[in-house]
Amino acid sequence: KKTISVALTGNPNVGKTTVFNTITGSRQHVGNWPGVTVEKKTGRCEYADTSIEVTDLPGTYSLTAYSADEVIARNFIIEDNPDVVVQVVDASNLERNLYLTMQLAELGRPVIVALNMVDVAEGRGDTIDEKRLSELLAMPVVRTVGTSGRGLDRLLETIIAVAAKGEKHTHTIGYGDEAEALISDLVRILDDDPALAGGYPLRWLAVRAIEGDSAVLALIEKSSVAGAVQARLQQIDLDEYEALLADKRYEAIGAILPQACTMCVRKMTGSDMIDR
Ligand code: GDP
Ligand code: MG
Ligand code: K
């Protein structure tokens, strides 16, 4: 029997645990993440000829290093290297949820979007074209309703198919000429210390360094390229670039939404901005 591993990630309150409970039933184990009091839920799901090990990650709006939850989620995705990452998305709040999708894309793991709570979105008159959304994100998208179980068989079939392919996600957004020049300079520098990355894509490390990610900067600080990275970062206004990267992500989301969803595009207000 084949065994594959899956991580469920997503914003808080999107239905991760509901999906987790439905697909794992009573085959669950609840513990704690090492060193922190954050609950860790793992479970098993037998589907067709495959045994799927599922981990319910803490809910996060982002994958920065601002909270233990975010660090747990991103470290698990890279260090435990699950075969498939499923982002459970609240379909009735697509705009906000896609910010995490943009960040997951950069981690270079196979990602599936579970478009959960489609009952709520549909009830409100939102029409989401999941095929178009899938093309635009370059990720499989499956419509689900965690509470009724609708779409969960298709989700499991998609998980198995993606795991069998074993392809990493490579489609990431572009940040514009200036930022891309900076990112490629940093990638070149980081690449000089082969021991540095620890499984994280160099592009992701470069982006996180520009955004002042404390854990990534600490990793770089211990490496042989610390001086070179610092010298390159000193040439630029970091705050300006940090804002630019966040803007580009919102811009990418703003370009995707009207093509994949009628009604989903609401006025983006300050309170909807989740990147800190
Ligand atoms: P988590 O924080 O992502 O783990 O979210 P939960 O699984 O705890 O779910 C949050 C709330 O959403 C609960 O009240 C669930 O019953 C509800 N919920 C989960 N999935 C769906 C869904 O597809 N449709 C609807 N209408 N409610 C859902
Ligand atoms: Mg939960
Ligand atoms: K913001």
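Ligands are counted one by one from 1 in listed order, and the atoms in each one are counted from 1 as well.
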Visitor: Test side-chain hydrogen bond (donor to acceptor under 3.5 Å, both in side chains) on Asn116 and Thr144; report intermediate values, then the result.
Guide: CA-CA 5 Å; Asn116 197 45; Thr144 61; 2.9 Å; yes
Visitor: Quick one: look up the protein heavy atom nearest atom 5 (O) of ligand 1 and list residue, atom name and how far away it is.
Guide: Gly15 N, 3.0 Å
Visitor: Give the residue and atom name of whichever protein heavy atom lies nearest to atom 24 (N) of ligand 1, and the separation in Å to one decimal.
Guide: Asp119 OD1, 2.9 Å
Visitor: Out of Leu57, Asp90, Thr147, indicate the one that has the non-hydrogen atom closest to atom 22 (C) of ligand 1.
Guide: Thr147
Visitor: For atom 23 (O) of ligand 1, which candidate among Pro12, Gly149, Ala91, Gly146 holds the nearest heavy atom?
Guide: Gly146
Visitor: Verify the neighbour count for atom CD of Gln28: are there more than 12 heavy atoms of other residues, nucleotides or ligands below 6.0 Å?
Guide: yes
Visitor: Determine whether more than 12 heavy atoms belonging to other residues, nucleotides or ligands lie under 6.0 Å from atom NE2 of His171.
Guide: yes
Visitor: Can you pull out the closest protein heavy atom to atom 13 (C) of ligand 1? Residue, atom name and distance to 0.1 Å, please.
Guide: Thr18 OG1, 4.5 Å
Visitor: When you measure from atom 12 (O) of ligand 1 to each heavy atom in Arg150, Met117, Lys16, which option holds the nearest one?
Guide: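 Going through Arg150, Met117, Lys16 one by one, Met117 has the nearest heavy atom to atom 12 (O) of ligand 1.
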Visitor: Is the contact between Thr17 and ligand 1 made by the side chain, the backbone, both, or neither, using heavy atoms and a 4.0 Å cut-off?
Guide: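 The answer is both, backbone and side chain.
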Visitor: Can you tell me if Asn13 has an N, O or S atom under 2.8 Å away from the Mg ion (ligand 2)?
Guide: no
Visitor: Is the closest basic N to carboxylate O distance between Glu180 and Lys248 below 4.0 Å?
Guide: no
Visitor: Please indicate whether Lys1 has more than 12 foreign heavy atoms, meaning atoms of other residues, nucleotides or ligands, lying under 6.0 Å from its NZ.
Guide: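 Counting other residues, nucleotides and ligands, NZ of Lys1 exceeds 12 neighbours.
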Visitor: In this structure, are over 12 heavy atoms from other groups packed under 6.0 Å from Asn32 atom CG?
Guide: yes
Visitor: Using a 4.0 Å cutoff against the non-hydrogen atoms of Val14, which atoms of ligand 1 qualify?
Guide: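 Checking each atom against Val14, I get 1 (P), 3 (O), 5 (O).
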Visitor: Which of the listed options, Asn13, Val145, Thr22, holds the heavy atom that is closest to atom 10 (C) of ligand 1?
Guide: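 Considering heavy atoms of Asn13, Val145, Thr22, the nearest to atom 10 (C) of ligand 1 sits in Asn13.
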Visitor: With a 4.0 Å cut-off, strictly under, does atom 20 (N) of ligand 1 pick up any protein heavy atom?
Guide: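 Flag for atom 20 (N) of ligand 1 set to true, protein heavy atom closer than 4.0 Å.
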Visitor: Please find the pair of heavy atoms, one from Lys16 and one from Leu57, that lie closest to each other, and give the distance.
Guide: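 So the minimum-distance heavy-atom pair works out to CE-O, 3.6 Å.
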Visitor: Please identify which atoms of ligand 1 are closer than 4.0 Å to at least one heavy atom of Val120.
Guide: 26 (N)
Visitor: Parallel, tilted or perpendicular: which one describes the rings of Trp204 and Tyr200, with boundaries at 30° and 60°?
Guide: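 The rings of Trp204 and Tyr200 lie parallel, inter-plane angle below 30°.
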